[in-house]
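Start at 1 with the first residue, then count along the sequence. Not measured: the values here are computed from a predicted model.
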Amino acid sequence: MRISAAESVVMEVLWEKSPQAADDIVSALKEERDPSSPDWSEKTIKTLLNRLLTKGVINASKDGRRYLYSPVITRDAYVRSESKGLIDRLFDGKLAPLVLHFAQERKLSKKDQDELKRLIAELDHDN
């Protein structure tokens with residue numbers, strides 16, 4: 001299930017707190033807005049909610065004259081799915097080339113290198 005970058009912004013609001021009405025989501029996005037984030041209209045946010053409903057990623061329950069929206073998938077499940085898709089698409093399902101890519105592109109700090117070594121040692125210990 002693919003969630004666009006714009007849809008993921010709405011999902012973050014719902015993962016943080018749910019259920020929420022569309023007006024609450026609009027308010028949350030306007031309040032938390034930093035200068036680099038999109039300045040969406042209420043109509044745009046409602047369009048994104050409808051897309052997410054159509055994809056089955058969120059559900060809506062009637063609450064009087066409004067609908068309350070809740071995520072169907074957890075953030076962890078979404079991150080797991082996206083991570084696997086990225087690794088499969090770009091690195092032929094192999095993790096080592098992904099780590100190498102980021103190490104070369106981002107110039108891993110000493111702290112990052114130490115953390116990776118610690119994680120690898122943990123994995124070795126567990127196996």
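In this view, Lys55 and Glu7, Val57 satisfy the side chain to side chain contact (heavy atoms under 4.5 Å, CB included) rule, not counting sequence neighbours. For Asp23, there are no side chain to side chain donor-acceptor pair (under 3.5 Å) partners, not counting sequence neighbours. In this structure, the side chain to side chain contact (heavy atoms under 4.5 Å, CB included) partners of Leu53, at least two apart in sequence or on a different chain, are Asn50, Ile58, Ala60, Tyr69. With sequence neighbours excluded, no residue forms a side chain to side chain donor-acceptor pair (under 3.5 Å) with Gln113. With sequence neighbours left out, Lys111 forms a side chain to side chain donor-acceptor pair (under 3.5 Å) with no residue at all. Ser109 is linked by a side chain to side chain donor-acceptor pair (under 3.5 Å) to Asp112, counting only residues two or more places apart in sequence or in another chain. The side chain to side chain contact (heavy atoms under 4.5 Å, CB included) check on Ser83 picks up Val79, with sequence neighbours excluded. Remark: Tyr67 engages no residue in a ring pair (Phe, Tyr, Trp, His ring centres under 6.0 Å) (not counting sequence neighbours). Residues that satisfy the side chain to side chain contact (heavy atoms under 4.5 Å, CB included) test with Asp76, not counting sequence neighbours, are Thr74, Arg80. For Tyr78, the ring pair (Phe, Tyr, Trp, His ring centres under 6.0 Å) partners two or more places apart in sequence, or in a different chain, are Trp15.
The list of ring pair (Phe, Tyr, Trp, His ring centres under 6.0 Å) pairs with a residue in residues 92-112, not counting sequence neighbours, reads Phe91-His101. Applying the ring pair (Phe, Tyr, Trp, His ring centres under 6.0 Å) rule to pairs touching residues 47-66 yields nothing, sequence neighbours excluded.
With rounding to the nearest 0.5 angstrom, the CG atom of Leu95 is 5.0 Å from the CD1 atom of Ile87. Here Thr47 contributes atom OG1 and Glu42 contributes atom CD; the two are 10.5 Å apart, rounded to the nearest 0.5 Å. Between the CD atom in Glu16 and the CZ atom in Arg75 there is a gap of 10.5 Å [rounded to 0.5 Å]. The CD atom of Glu12 lies 10.5 Å from the CG atom of Leu29; values are rounded to the nearest 0.5 Å.
Looking only at side-chain heavy atoms (C-beta outward), Ile3 and Ile73 come within less than 4.5 Å of each other. Taking 4.5 Å as the limit, some side-chain heavy atom of Arg2 sits within range of a side-chain heavy atom of Glu82. Counting only heavy atoms from C-beta outward, the side chains of Pro71 and Ser18 approach each other to under 4.5 Å. Looking only at side-chain heavy atoms (C-beta outward), Leu52 and Val10 come within less than 4.5 Å of each other. Counting heavy atoms from C-beta on, the side chains of Val13 and Asp24 never come closer than 4.5 Å.
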- Task: Before giving the answer on side-chain contact (heavy atoms from CB on, under 4.5 Å), spell out for Leu98 and Leu86 the whole-Å C-alpha distance, their side-chain angles and the decisive distance to 0.1 Å.
- Result: CA-CA 9 Å; Leu98 169 80; Leu86 173 78; 4.2 Å; yes

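Shown here for Leu68 and Ala21, the closest heavy-atom pair between the two residues is CD2-N, 3.6 Å. Pairing each heavy atom of Ala22 with each of Leu49, the nearest pair is CB-CD1, 3.9 Å. Lys17 and Gln20 make their closest contact through O-NE2, 2.7 Å (heavy atoms, listed as atom of the first residue, atom of the second, distance).
Using a 4.0 Å cut-off between a side-chain N of Lys or Arg and a carboxylate O of Asp or Glu, Arg118 and Asp114 do not qualify as a salt bridge.
Inspection of the Ser41 and Thr44 side chains reveals an N or O donor paired with an N or O acceptor under 3.5 Å.
The main-chain N or O of Trp40 is found under 3.5 Å from a side-chain atom of Lys30 such that the two form a donor-acceptor pair.
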